[in-house]
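Notes for the one structure printed next.
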Amino acid sequence: MLSKESLQKIDAATAKYPPDQKQSAVMAALVVAQEEKGHLSTEVIEFVAGYLGMPPVAAYEVATFYGMYDLKPVGRHKLCICTNLPCALAGANEAAEHLKRKLGIGFNETTADGRITLKEAECFGACGDAPVMLVNNKKMVSFMTPEAIDKFLAELK
Amino acid sequence: MNSAHPPFDPGIFGPDAIILKGLTGLNWRLKDYEARGGYQALKKILADRIAPDAVIAEVKKSALRGRGGAGFPAGLKWSFMPRQYAGPKYLVCNSDEGEPGTFKDRDILRYNPHTVIEGMLIAAYATGATAGYNYIHGEIWEIYERFEEAIAEARAAGYLGRNVLGSGLSFELYAHHGWGAYICGEETGLLESMEGKKGQPRFKPPFPASYGLYGRPTTVNNTETFAAVPWIIANGGQAYLELGRPNNGGTKIFSISGHVERPGNYELRLGTPFAKLLEMAGGVRGGRKLKAVIPGGSSAPVVPGEMMLATDLDYDSVAKAGSMLGSGAVIVIDETTCMVRALERLSYFYYEESCGQCTPCREGTGWMYRIVHRIETGKGRQGDLDLLYDVADNIMGRTICALGDAAALPVRSFVAHFRDEFQYHIEHGRCQVGSPAAREMAA
Ligand SMILES: Cc1cc2nc3c(=O)[nH]c(=O)nc-3n(C[C@H](O)[C@H](O)[C@H](O)COP(=O)(O)O)c2cc1C
Ligand code: SF4
Ligand code: FES
């Protein structure tokens, strides 16, 4: 179900916790699985649960509780923009509108070619860099003014 | 932000900085930290075999208060850890920084990670903890990876693991990441999350010091709290205390955001006037007038600008102004801002992030958001402000964790200080604060 490389990453995460507390690695394991598969299907979640020796429902609860897991397919690139108040004061709403216009989609939508999914997000803990965007969960881009967004989109594969 | 493009001027965080002193953005590695005198405090404790109780006494003397929001004295918290306990005890660093407006732990972790590691080692020595975890906000993955690198450096140099520097102290440290849930910043939600569950806060008591991670005694402190510890041990609790004010020892990193020319982190002595911080941040953007300030992260009550300009930044002074120093996240709001719209966005946040296990919080945050939303969109009704107060009052003090209060306090303070703006929205179905264009500029 998951590649050897992914399983190795999950094993490395598991090693951080006491031997009888493998479940502590479930968040890390689901991140690894999401990265390989693009999103977390029920089968993948069940596989992860089995791998860590926990009940499937417990893994499913985790996958639904934390906002950055994708239970449905997303575009090749997932862009999350923070619109919380500190960012909004510094231009996040204009940035979000610009993104929607350029991509021709609203929040929680994917471009017709399946390339980009756009989401609204809560504070990243980077409010001094507003507007800020998270690209595929792991890369943060800062000071995303409309001009910076144009440049960013032009360079995105 | 002032620190976004390394290398930056090492004076950028302010002349009084101790945690962020001398940082350029590039000198974060072990060798750089050691060159700045890093790990000397730990070595001193180990070499002189200073008693754990003496370490705790020093931290108590420093009046270091928890930097994660509640301001609880760190030394006192450490003293709650049971001395005689057979089995593992844990130390957890709370780097789940997600309180809107707060972005200081990110800079500590990426530009000076070893000071957090050294602070945790000293805390482990003082509390008898055998292993530690740093729970890092999921949204800052690159910083999580850097922290893992710093841990590897410290382990290779003998600072972590079995028999630290041959002293007999053993302490393992690992990084754990979140994945997008604000509530995991609450310490017991965080512990649940670390156990591989939903991050739903626990009833307290029992407190983590008696029943924490995996049911073991656990101390949870904020990143900045641990980061201050090496300086305290190296220079003495009294010296740290004297940097600030009585009961408000040391320096504090303020994250200033919103309508200022130079948003960013500034490390100031506690008790520094707010006006000074505003000046360091270049003043209100575009020379406009200051309208309001949220001085301690989005959960803190809003304070009118005039009042804030007369307030000093320490726990007690900000409390006197009717708010909280909280995490030190200072959100600056200028005259072009619609306060109804600002509150609407905050209310949405708490509604979205409530973990749902207490009825007053789950239902109340939804109610508050819907009422503020209808006022903002011109559909407010007479009586809505009383209703808002009512809902807020029904949340306060009736929930498992402080998120309920955190959602209610902004609502009450926004309405209390800017009631006429809310009333105008209700009566006229539109905003008092100028044209839609001006609002767009502000929003
Ligand atoms: C809803 C909520 C969110 C919180 N978020 C954080 C956070 O992001 N970081 C943090 O250190 N403390 C946060 N806290 C406070 C923690 O529960 C805890 O008091 C703190 O980590 C203890 O460390 P300290 O004493 O060093 O401040 C939060 C509390 C609540 C109720
Ligand atoms: S107050 Fe809200 S966030 Fe806290 S435990 Fe209750 S429902 Fe969850
Ligand atoms: S409010 Fe956007 S990163 Fe904090």
Side-chain angles (χ1 to χ4, degrees), chain A residues 12-18 20-31 34 49 52 54 58-59 61-69 80 82-94 97 119-130 132 134 136-140 142-143, chain B residues 1-4 88 96-103 105-106 131 133 137-142 174-182 184 193-200 214 255-259 263-265 285 294 298 329 331-334 337 341-342 345-346 349 352-353 355 440 442-443:
Chain A
T14 312
K16 295 177 176 179
Y17 310 96
D20 58 341
Q21 300 291 349
K22 276 163 77 175
Q23 183 168 337
S24 282
V26 66
M27 288 178 68
L30 289 172
V31 169
Q34 171 168 313
L52 295 174
M54 60 194 279
E61 274 184 3
V62 169
T64 51
F65 187 82
Y66 297 89
M68 288 163 68
Y69 292 119
C80 299
C82 170
T83 60
N84 207 308
L85 181 63
C87 279
L89 295 172
N93 292 333
E94 292 69 28
E97 286 312 310
K119 292 196 170 192
E120 186 174 32
E122 297 300 346
C123 183
F124 298 151
C127 335
D129 295 0
V132 276
L134 209 52
N136 297 328
N137 304 314
K138 291 191 173 178
K139 186 175 165 44
M140 198 181 292
S142 304
F143 308 110
Chain B
M1 180 153 75
N2 52 356
S3 66
D96 194 36
E97 185 170 60
E99 169 85 1
T102 319
F103 48 89
D105 298 338
R106 174 175 177 237
Y133 293 92
H137 202 215
E139 286 84 340
I140 51 171
W141 190 266
E142 288 144 308
Y174 306 97
H176 180 109
H177 63 75
W179 205 241
Y182 166 66
C184 294
S193 176
M194 279 207 55
E195 293 180 0
K197 300 181 242 168
K198 294 190 280 185
Q200 290 187 318
Y214 310 130
S255 304
I256 184 166
S257 67
H259 291 142
N265 286 314
R285 193 173 287 181
I294 304 177
S298 66
I331 306 168
V332 174
I333 298 173
D334 79 12
T337 313
R341 182 154 177 204
R345 187 59 186 87
L346 289 182
F349 169 67
E352 182 70 24
E353 298 295 329
C355 85
E440 273 311 306

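What you see below is based on every heavy atom in this structure, not just the backbone, and it leaves out hydrogens, waters and symmetry mates. Chain letters run A, B, ... following the sequence lines, proteins first and then strands; every chain starts at 1.
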Name the orientation class of the two ring planes belonging to A/Y17 and B/Y133 (parallel below 30°, tilted from 30 to 60°, perpendicular beyond 60°).
parallel
Under 4.5 Å heavy-atom distance to chain B, tell me which part of A/Y69 shows up: side chain, backbone, both or neither.
both
When rounded to the nearest 0.5 Å, the distance separating OG of B/S3 from CG of A/D129 is 7.0 Å
Grab the two heavy atoms, one from B/G101 and one from A/P86, that are nearest each other, plus how far apart they are.
N-CG, 3.5 Å
Minimal non-hydrogen separation, B/F103 against A/G128, with atom names:
CE2-N, 3.4 Å
Taking every heavy-atom pair that is under 4.5 Å apart, which of A/A58, A/G67, A/C82 has the most such pairs with chain B?
A/G67
Which answer fits A/A28, side chain, backbone, both or neither, if we ask what part of it has an atom under 4.5 Å from a heavy atom of chain B?
both
Given that the side chain runs from C-beta out, which part of B/A342 has a heavy atom under 4.5 Å from chain A: side chain, backbone, both or neither?
both
Bottom line for B/T102: the part with an atom under 4.5 Å from chain A's heavy atoms is backbone
Where the side chain of B/Y174 meets the backbone of A/A15, is there a donor-acceptor pair that is under 3.5 Å apart?
no
So which heavy atom on B/A181 is nearest to which on A/F65, and how close?
CB-CE2, 4.1 Å
When you measure from the side chain of B/K198 to the backbone N and O of A/E61, does any donor-acceptor pair fall under 3.5 Å?
no
Side chain, backbone, both or neither of B/E99 within contact of chain A (heavy atoms, under 4.5 Å)
backbone
If one checks every heavy atom of B/H177 against chain A at 4.5 Å, the contacting part turns out to be both
So which residue, A/Q21, A/M54, A/M140, A/K139, ends up with the most heavy-atom pairs under 4.5 Å with chain B?
A/Q21
Under 4.5 Å from any heavy atom of chain B, what part of A/L85 do you find: side chain, backbone, both or neither?
both
Result for side-chain contact (heavy atoms from CB on, under 4.5 Å) between A/Q23 and one of B/E195, B/M194, B/K197 points to B/K197
Counting distance only, does the side-chain N/O of B/W179 pair as donor-acceptor with the main-chain N or O of A/Y66 below 3.5 Å?
no
Non-hydrogen side-chain atoms of A/V132 and B/E139 separated by less than 4.5 Å:
no
Show me the side-chain donor-acceptor pairs of residues 119-127 of chain A shorter than 3.5 Å, one per line, residues at least two apart or across chains.
unit_1, atom_1, unit_2, atom_2, d
A/K119, NZ, A/D70, OD1, 3.4
A/E120, OE2, A/T83, OG1, 2.7
A/E122, OE1, A/N84, ND2, 2.8
A/E122, OE1, B/R345, NH1, 3.4
A/E122, OE1, B/R345, NH2, 3.1
A/E122, OE2, B/R345, NH1, 3.4
A/E122, OE2, B/R345, NH2, 3.3

Is it the side chain or the backbone of B/S193 that comes within 4.5 Å of chain A heavy atoms, both, or neither?
both
Name the region of A/K22, side chain, backbone, both or neither, that has any atom closer than 4.5 Å to a heavy atom of chain B.
neither
